[in-house]
Amino acid sequence: MKRVSLLFLYLIFLSGNLFAQATADPDYVPMADKMREDGKIWVVVLVVALVFAGIAINMLRIDFKLRKIEKELNIK
């Protein structure tokens with residue numbers, strides 16, 4: 001119970017710090033605006049897309065290998 005209450009208090013204080021960092025205009029993000037101006041935002045989009053594609057391909061490979069093992073062992 002002591003650990004749960006300490007975790008709860010920690011999360012409350014952590015969320016308080018996050019709200020304290022809000023700016024006047026929540027849509028204004030200087031780093032993202034600068035990257036859009038320079039055209040580098042597309043590099044970020046490409047990298048994120050490649051990471052997701054890699055994860056999807058890896059999951060499909062694992063699924064294929066698992067089906068093969070299940071078929072060899074006659075597991076349904």
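Only this structure's heavy atoms are used, side chains among them; waters, hydrogens and symmetry mates stay out. Positions are given from 1 along the sequence.
For D38, the side chain to side chain donor-acceptor pair (under 3.5 Å) criterion is met by no residue, not counting sequence neighbours.
Applying the salt bridge (charged side-chain N to carboxylate O under 4.0 Å, His left out) test to residues at least two apart or on different chains, the pairs with a partner in residues 57-66 are D63-R67.
A side chain to side chain contact (heavy atoms under 4.5 Å, CB included) with L46 is found for one member of V43, L50, V44 and no other, namely L50.
Under the 4.5 Å side-chain contact rule for hydrophobic residues, L66 and I57 do not share a cluster.
Hydrophobic cluster membership of F64, counting Ile, Leu, Val, Met, Phe, Trp and Tyr whose side-chain heavy atoms lie under 4.5 Å apart directly or via other members: none, as it forms a cluster of its own.
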